Amino acid sequence: MYRVIFTLLLLLTVSCGKSDIDRAENRPGNNQGNTENNGDNNNSGSSDKPVEWGDERSYVFDLSSLPEVHMTISLKEWNRMLSEYDKNSNTKEYFHCDVDMKLKGENYIVNDAGVRLKGNTSRRRPENSNGGHVKDNADWQHCHFQFNFRKYNKDEEHTIRGIRKMYLKWFKDDAAYCREIYCYDLFRRFGVWTAIENCYCRLWIHVEGDAKPAYYGIYEMNETIDDTYLKMRKDKFGNHKGNLWKCNWGASLNYDRDKNASMGESSDDYDPTYEVEEINSDLSIAKSQLLHFMKQLRDLKGQQLHDWLGKTIDINLLLRTYAVNVAVGMWDDYWNNTNNFYIYFNSTDPTNYKFYIIPYDYDNTLGTSHNCGVQNDSGRHDALKWGNSDVSPLLAKILQFNDYKKIYIDALKELCSSNGHFYYTTSIARIKGWHSMISKYVDNDTGEDTKIKDRPAGWGNHSEYRLWESTDANTNWFRVRSASMPK
């Protein structure tokens, strides 16, 4: 049974202006349960009726609500986290903590959960100082966290409505506070069921001994891609006991390039190109399966290749996935930069399987453009030549066939039509709706990212793109991108 504690929310009426006092009202000990205008007033989750996995996932990761996540960690464990980061910033070490999530009027308390730092180039020290914690005067920094509620205790009480893990991301380089939220929402609206569930949340961290918790502000709360992710979609995959790989930079699915690429489990000091996430066979068999796919992709030609692709891949799903990927301007992807995707084989048979690409990591999108691969303007780049197909051949191999190419072009047209989910007026409305829910909670104790701004990342190469401030055909991202699509 889930450990659910029902609490009465005490509404405080305080009259003051925009100030530090105003911000403090939304911190633990000062109206902790405040759910005003955040959609968290629905108590439908209190039923004892058994709930299916999919319903649980949708209930927790609900974009119409704004959960509060309160993490409490001992001074010893916090200092150990800082120390491990200082020794190796890529540490994958977990640390003991307690988590209290306020979700739709209910409390879910998980004692003795695990938390670790996350991120690749975005990984940071959560306290900007040398040495240990500075009591009551820490220089807090935004960083990514992953919770594993069952890290130390393997029972149902150590889940939140069946969710075992979640990934909390700060909005690094996204002053608009919406890019990855928008992209995953668009995937799901477009029927791409491989996309993760995610939503906004508010995060507090309390290092024991401090007078009050630190309010970290608005975060993105993401489903993790792991064995539970597969189990929740087992009916769609056909089998959740296959082999799941995380594909890091350089993963091209090109046999001639990758036949000797690093493949295996990651560690603090080892990040293979093809990283084992979940495998249900010997590693050697999983490797042979991956290489078999690459070799077939290289060696088969003509109708034989066409038919093998149709048998091995859900072509409609993959091309709808890529239509969204290209529409949102994801240049740091498989096709253009051999990066940021997962692959799943729904069998352990080395030669008989279905192959899936799972979209991942969509914060550098929607106008955050960069000189990378074959691209210098993700807003206007050709959707049919998104990357170097001599390096990463999968999409070009598929699109050489007219029936498959038509699926892709039709998907792009559907997205960008006046009735489509990517159309600029409906996209702006969705973003503004989310902002109305989170805007008063953005200011935070790190002093970073304290305002919502319609700007791409400062390091990008096209600073003119806007999401909602401008609807001009030359600067509004949705209009520029739609105009560049195949006619």
Side-chain angles (χ1 to χ4, degrees), residues 2-5 28 53 56-57 59-62 65-74 76-78 80-82 84-85 90-104 106-120 122-127 140-172 180-181 184 196-208 213-229 231-232 246 266 277-278 360-361:
Y2 301 116
R3 186 174 183 178
V4 181
I5 301 175
W53 279 110
E56 293 292 84
R57 182 165 39 95
Y59 185 89
V60 174
F61 300 99
D62 181 357
S65 73
L66 188 57
E68 297 181 7
V69 181
H70 301 260
M71 181 182 89
T72 301
I73 187 168
S74 71
K76 178 182 177 181
E77 284 295 276
W78 184 259
R80 194 165 70 86
M81 179 189 290
L82 299 179
E84 290 298 322
Y85 178 90
N90 291 319
T91 179
K92 293 179 172 59
E93 181 81 11
Y94 273 96
F95 307 92
H96 293 263
C97 71
D98 298 331
V99 177
D100 179 357
M101 178 180 289
K102 302 181 190 308
L103 174 66
K104 298 181 180 179
E106 301 172 358
N107 274 23
Y108 298 86
I109 298 175
V110 181
N111 292 316
D112 198 22
V115 64
R116 75 176 181 93
L117 300 175
K118 280 278 288 183
N120 186 14
S122 59
R123 189 178 291 229
R124 304 170 86 196
R125 197 178 198 266
E127 187 173 336
W140 306 106
Q141 287 196 130
H142 277 148
C143 60
H144 307 313
F145 298 98
Q146 179 164 303
F147 290 117
N148 183 343
F149 303 125
R150 287 166 54 103
K151 175 64 178 176
Y152 306 113
N153 302 275
K154 314 296 185 187
D155 56 52
E156 282 304 304
E157 286 194 353
H158 286 81
T159 72
I160 294 180
R161 295 185 69 92
I163 305 299
R164 300 181 180 189
K165 295 179 183 178
M166 57 179 57
Y167 178 17
L168 267 59
K169 293 183 69 173
W170 65 290
F171 286 84
K172 180 183 183 295
E180 193 161 55
I181 290 284
Y184 282 128
I196 63 167
E197 299 280 346
N198 74 340
C199 65
Y200 291 101
C201 72
R202 301 169 68 197
L203 174 65
W204 287 260
I205 296 177
H206 187 194
V207 178
E208 290 182 339
Y215 178 54
Y216 265 58
I218 293 293
Y219 264 63
E220 181 184 348
M221 193 169 87
N222 288 348
E223 178 187 14
T224 57
I225 302 175
D226 53 20
D227 59 334
T228 302
Y229 163 93
K231 180 182 285 187
M232 289 180 175
K246 181 182 179 184
S266 67
E277 193 63 44
E278 297 290 338
Y360 177 67
D361 203 3

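Because only heavy atoms are used, hydrogens play no part in the values below, and waters and symmetry mates are left out as well, while side chains stay in. One is the number of the first residue; the rest follow in order along the sequence. Predicted model only: the values in this text are computed from it and were never measured.
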Parallel, tilted or perpendicular: ring planes of Tyr215 versus Trp204, cut at 30 and 60 degrees: tilted
Basic-acidic side-chain contact under 4.0 Å: Asp361, Lys169: yes
Shortest non-hydrogen separation from His158 to Arg150 and the atoms involved: O-CG, 2.8 Å
Carboxylate-amine/guanidinium contact Lys104 Asp62, below 4.0 Å: yes
Contact summary for Arg123 and Asn90, nearest pair of heavy atoms: NH1-C, 3.4 Å
Value rounded to 0.5 Å, distance of OH in Tyr360 from CD in Glu180: 8.0 Å
OH-CD distance between Tyr229 and Glu197, expressed to the nearest 0.5 angstrom: 10.0 Å
Short side-chain donor-acceptor distance under 3.5 Å, Gln146 and Asn148: no
Verdict with supporting geometry, Val60 and Met221, side-chain contact (heavy atoms from CB on, under 4.5 Å): CA-CA 10 Å; Val60 174; Met221 193 169 87; 3.9 Å; yes
Gap separating the CZ atom of Phe145 from the CD1 atom of Ile205, nearest 0.5 angstrom: 3.5 Å
Working for side-chain contact (heavy atoms from CB on, under 4.5 Å), residues His70 and Arg202: CA-CA 8 Å; His70 301 260; Arg202 301 169 68 197; over 6 Å; no
Heavy-atom check, side chain of Val207 versus side chain of Glu127, under 4.5 Å: no
Trp170 versus Ser122, closest heavy-atom pair with distance: NE1-O, 4.2 Å
Student check: side-chain heavy atoms of Cys199 and Leu66 closer than 4.5 Å: no
Aromatic ring pairing His144/Tyr167, orientation class (parallel under 30°, perpendicular over 60°, tilted between): perpendicular
N/O donor-acceptor pair under 3.5 Å between Asp155 side chain and Glu157 backbone: yes
Distance in Å, Phe95 CZ paired with Leu82 CG, rounded so as to fall on 0.5 Å steps: 8.5 Å
Presence of salt bridge, Glu84 and Lys92, under 4.0 angstrom: no
Check against side-chain contact (heavy atoms from CB on, under 4.5 Å), Ile225 and Lys246: CA-CA 9 Å; Ile225 302 175; Lys246 181 182 179 184; over 6 Å; no
Closest contact, heavy atoms only, Cys97 versus Phe147: SG-CE2, 4.1 Å
Verdict with reasoning, Trp140 to Tyr216, per side-chain contact (heavy atoms from CB on, under 4.5 Å): CA-CA 8 Å; Trp140 306 106; Tyr216 265 58; 3.4 Å; yes
Proximity of Phe171 and His142 rings by center, below 6.0 Å: no
Shortest non-hydrogen separation from Tyr108 to Arg161 and the atoms involved: OH-NH1, 3.0 Å
Residue pair Glu223 / Met232, side-chain heavy-atom distance below 4.5 Å: yes
Contact summary for Lys151 and Lys154, nearest pair of heavy atoms: O-NZ, 3.3 Å
Name of the residue among Lys165, Glu277, Lys118 meeting side-chain contact (heavy atoms from CB on, under 4.5 Å) with Thr224: Lys165
Flag side-chain contact, heavy atom, 4.5 Å: Val69 against Val99: yes
For Phe149, the option from Val110, Thr159, Asp112 that meets side-chain contact (heavy atoms from CB on, under 4.5 Å): Val110
Non-hydrogen side-chain atoms of Tyr200 and Phe61 separated by less than 4.5 Å: no
Pairwise distance NE2(His206) to CD1(Ile73) - rounded to 0.5 angstrom: 11.5 Å
Lys172 side chain near Arg124 side chain, heavy-atom distance below 4.5 Å: no
Met81 side chain reached by Val115 side chain, heavy atoms, under 4.5 Å: yes
Inter-residue atom distance Ile160.CD1 - Leu103.CG, 0.5 Å rounding: 8.0 Å
